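Hydrogens, waters and symmetry mates play no part in the numbers below; they use all other heavy atoms, side chains included. Note that the structure is a prediction, hence the values are computed from the model and not measured. Chain A is the first sequence line, chain B the second, and so forth, proteins listed ahead of strands; every chain is numbered from 1.
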Protein chains: 2
Amino acid sequence: MSVSGKLELVEEGRKAEDYRLDEQVGFVLRKANQRHLAIFAARIGDLTPPQFAALAKLHEVGETSQNQLGQLIAMDAATIKGVIDRLKVRRLVALAPHARDRRRLLVNLTDEGRTAIEALLPLARDVTDDTLAPLTPREAATFLRLLSKLADG
Amino acid sequence: MSVSGKLELVEEGRKAEDYRLDEQVGFVLRKANQRHLAIFAARIGDLTPPQFAALAKLHEVGETSQNQLGQLIAMDAATIKGVIDRLKVRRLVALAPHARDRRRLLVNLTDEGRTAIEALLPLARDVTDDTLAPLTPREAATFLRLLSKLADG
DNA sequence: GGTATATCATTTGTACACGAACGAATTCCG
DNA sequence: CGGAATTCGTTCGTGTACAAATGATATACC
């Protein structure tokens, strides 16, 4: 029936039966994410990836409002609030009211936060390297290009 | 200084400053996952991806124990329990004790669950297609291959 | 046969993640 | 100017995720 082989890139053999969960992007994406999380936790134990992302982005862009920071690291208002709350308790970030816009809450690194994130950046590179280790450098470059395309829609 | 161009695949320009969060695999992986989740929610509103995964896998393999099912879809015991609990309330799965091993809890689709998952499978294909839409078919094939390599370590 | 070990499921605690609803402050614009 | 629409932050509710502790049952093996 079906012409086997010959660049059959789009698998349109769509019977009700042959849906294989393990081959769906979403499922594999989730598993890849799990593996990355595990590698991250092994290397950077006392900070979660979202917490690290918040600190790293603050280090990149300096003081910003809470929601703005959330947008920069793809977290909605409710999520970023929880992350900042926990970082604040640990004194890695400090909050201040915005001078002219009383709705805004400015977030910035404390000295302690800056020291911490600068110490962690090398480890974060290792996390990236470990995650990409199953791929050759060439594959890794391709993968990152396609992944970005996918993420940005 | 640095030789620009010429297949410089591994970017080893590792100064303390030029860590860009937005280019790290983990971060982009998370964003890609977010986009997929949004597409899934738009197409399959009344079931979450983990719930769908559980039903789809049950449909694939038939009755299994709760933990076994969790392993098949990469969820730990605590997580799969929550998912199954919610599916049970909605009568999409049914639980039964294992005959010879009283520790085990057998999970299976109800008739309603089977009807539901079979109706959803075509939509799930659309979710996959939409997610991969930013890529050409060739790119999508490459991406999935590399992603699987990454996910499996 | 009985103990050491392993497996299955549950519970607890912490941390995202997001939709929806809300109040306060600001901006837009007629 | 002044009301409408937006933006900013908070809260609530639901649903993953995973580590760690626990109890019940099975299996291994001496």
Side-chain angles (χ1 to χ4, degrees), chain A residues 26-27 29-42 44-55 64-90 92-93 95-107, chain B residues 26-27 29-42 44-55 64-90 92-93 95-107:
Chain A
F27 185 74
L29 224 31
R30 177 169 158 276
K31 285 209 303 175
N33 218 40
Q34 280 181 338
R35 177 163 165 274
H36 174 260
L37 276 268
I39 291 170
F40 188 101
I44 305 181
D46 69 317
L47 225 50
T48 66
Q51 289 166 8
F52 173 84
L55 294 185
T64 17
S65 75
Q66 188 174 274
N67 276 4
Q68 171 93 53
L69 178 60
Q71 283 172 20
L72 292 173
I73 55 180
M75 288 179 206
D76 72 1
T79 301
I80 189 67
K81 186 196 188 316
V83 173
I84 293 300
D85 279 354
R86 287 179 283 273
L87 291 175
K88 185 181 60 179
V89 167
R90 296 176 58 177
L92 298 176
V93 302
L95 306 181
H98 188 283
R100 297 191 313 282
D101 188 339
R102 282 185 299 180
R103 292 170 307 177
R104 286 188 219 183
L105 192 57
L106 292 175
V107 188
Chain B
F27 185 73
L29 224 31
R30 178 169 158 275
K31 286 209 301 176
N33 218 39
Q34 280 181 338
R35 177 162 164 275
H36 174 259
L37 276 267
I39 291 170
F40 188 100
I44 304 181
D46 70 319
L47 225 50
T48 65
Q51 289 166 6
F52 172 84
L55 294 185
T64 18
S65 75
Q66 188 175 272
N67 275 5
Q68 172 93 53
L69 178 60
Q71 284 171 19
L72 292 173
I73 55 180
M75 287 179 206
D76 71 2
T79 301
I80 188 67
K81 187 199 188 314
V83 173
I84 293 300
D85 278 355
R86 287 179 283 275
L87 291 174
K88 186 181 59 176
V89 168
R90 296 176 58 176
L92 298 176
V93 301
L95 306 181
H98 188 284
R100 297 192 313 282
D101 188 340
R102 282 186 300 181
R103 293 169 306 176
R104 286 189 218 180
L105 192 56
L106 292 175
V107 188

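No donor-acceptor pair closer than 3.5 Å links the side chain of A:R86 to the backbone N or O of A:Q51. A donor-acceptor contact shorter than 3.5 Å is absent between the side chain of A:Q66 and the backbone of A:I84. The backbone N or O of A:P50 sits nowhere less than 3.5 Å from a side-chain atom of B:R30 that would complete a donor-acceptor pair.
In this structure, A:Q68 and A:R30 both approach DNA chain D, and ranking their closest nucleotides by distance from the 5' end singles out A:Q68. Along DNA chain C, the nucleotide nearest to A:R104 and the one nearest to B:Q66 differ in position, and the one closer to the 5' end is contacted by B:Q66. Along DNA chain C, the nucleotide nearest to A:D76 and the one nearest to A:R100 differ in position, and the one closer to the 5' end is contacted by A:D76. Judged by closest nucleotide on DNA chain D, A:A77 is the one of A:A77 and B:A78 placed further toward the 5' end.
At whole-Å resolution of the value, CG in A:L29 and P in D:dT16 are 17 Å apart. Protein atom NE2 of B:H98 is 16 Å distant from nucleotide atom P of C:dT7, rounded to whole Å. Following rounding to the nearest Å, A:L37 (CG) and C:dA17 (C1') show an atom-to-atom distance of 13 Å. What separates NZ of A:K31 from C1' of D:dT16 is a distance of 18 Å, to the nearest Å. Atom-to-atom, CZ of B:F40 to C1' of C:dA17 comes out at 16 Å; the value is rounded to the nearest Å. Residue A:N67 contributes atom CG, which lies 16 Å from atom P of C:dA25 at whole-angstrom precision. For A:I80 and C:dC18, the CD1 to P distance is 12 Å, given to the nearest whole Å. In this structure, A:N33 atom CG and D:dA17 atom C1' are separated by 11 Å, rounded to whole Å.
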A:T48 vs A:V83, side chain to side chain contact (heavy atoms under 4.5 Å, CB included): CA-CA, chis, key distance, verdict: CA-CA 9 Å; A:T48 66; A:V83 173; over 6 Å; no
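For B:R86, a side-chain nitrogen or oxygen approaches OP1 or OP2 of D:dT16 to under 4.0 Å. OP1 or OP2 of C:dC16 sits under 4.0 Å from a side-chain N or O of A:Q51. Within the 4.0 Å cut-off from OP1 or OP2 of D:dT16, at least one side-chain nitrogen or oxygen of B:T48 is found.
At a cut-off of 3.5 angstrom, the base of C:dT7 holds at least one donor-acceptor pair with the side chain of B:R103.
A:T79 comes within 4.0 angstrom of a nucleotide base, judged by non-hydrogen atoms across all strands. As judged by a 4.0 angstrom heavy-atom cut-off over every strand, A:D101 is placed among residues touching the sugar-phosphate backbone only.
Of all heavy-atom pairs between A:A54 and A:L87, the closest is CB-CD1, 3.9 Å.
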